[in-house]
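Some notes on the structure that comes next.
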Amino acid sequence: MELQFLGTGAGMPSKMRNTSAVVLNLSAEGEGYWLFDCGEATQHQILHTSLKPRKIAKIFITHLHGDHIFGLPGLIGSRSFLGGDDLLDIYGPYGLREWLETTLRITQTHLNYTLRVHEIEDGVVFEDENFRIIAQSLRHVIPCYGYRIEQKPLPGKLLIEKAVEAGVPKGPLLKRLKDGEDVTLDDGRMVISKDVTGAPQVGFTVTILGDTSYCDSAVALASEADILVHEATFDMETGNLAAEYGHSTIGDAASVAKEARAKALIANHISARFMPSDLAKLQAQGEAIFPTLHIAEDFARFEWKDGEIIRLEN
Ligand SMILES: [Zn+2]
Ligand SMILES: [Zn+2]
């Protein structure tokens, strides 16, 4: 699992930071990409990466402010041109369907794939055998959601020596055992999956929030998460503005991570008032509350591996 930030600014694009978008890259998990928010020019940002738009399988929108959705019509139109013909599911607040349908109709944008828009409420918005995604309302100036992405436990590793010892031949039976199925050998003996596989592995949990002031649902969504992505529009000195505009300071983000007992925090949605030279101060203010803090810049990539967050080179 990897996270790649395509836009980490707040409100408007700047030369340093585009508007909000982050890719949860689940290629290794066989799921393609899940995109969270799609600010203006997100598709331009993708051009500067090795990401393939046709691999975007799901899009989750936190709220309908322009800095989170103005890139959506362009991106879903281009996905058609770029050979994306698989179903695309888009999740977001009420109003998303009308806005998208109206925009696509008036601009006569025709898609060569099926687009399904899911207008969500608090609760489980998606679940299959591998993942569960929970949405909950945050505290912003318009309805805004955070998403908690839970990977379900993975089957234990196949203990190949034990399987060979039990007389399992090379081939498809090994895969079935690995997938948790008990199998019968040619000689009639039964091999129990549990006897030749290790303990199930815990899946990861990533929480990606939209714009918000400090709130209890942010803490609940991030409870024991491996990675929390939280906005940090302001610093400690401009905290009065954070409260007024439904945003957070770097301290609020760090407090949520701490109270939720998250393992790592990535701060995004950084105001253009902060120059690169200000980032050390923001980092110090956040770290004083929650040490495992990264402040994302556009194109930053993070990997979750063996229970640790790793910042990758671009
Ligand atoms: Zn925003
Ligand atoms: Zn907003």
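Because the structure is a prediction, the values reported are computed rather than measured. Remember, it's 1-based here, ligands and their atoms both numbered in the order they're listed.
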Checking one value in my table: which N/O/S atom of D211 lies closest to the Zn ion (ligand 2)? OD2

Aromatic plane relationship, H63 with H65 - under 30° parallel, 30 to 60° tilted, over 60° perpendicular: perpendicular

Checking only N/O/S atoms, does H140 have one that is under 2.8 Å from the Zn ion (ligand 2)? yes

Relative to the Zn ion (ligand 2), which of the N, O or S atoms in H65 is the closest? ND1

Could you tell me which N, O or S atom of D67 is nearest to the Zn ion (ligand 1)? OD2

Can you classify the ring geometry of F204 versus F131 as parallel (below 30°), tilted (30 to 60°) or perpendicular (above 60°)? tilted

Can you say whether the rings of H68 and H269 are parallel (under 30°), tilted (30 to 60°) or perpendicular (over 60°)? parallel

Axial cation check for F126 ring with K58, 6.0 Å and 45° limits: yes

4.5 Å side-chain heavy-atom contact, L282 and I295: yes

Among the N, O or S atoms of H68, which one sits nearest to the Zn ion (ligand 1)? NE2

So, of the N/O/S atoms that H269 has, which is the nearest one to the Zn ion (ligand 1)? NE2

In the single-linkage hydrophobic clustering (I, L, V, M, F, W, Y; side-chain heavy atoms under 4.5 Å), do L138 and I270 co-cluster? yes

The Zn ion (ligand 2) - closest N/O/S atom in H63: NE2

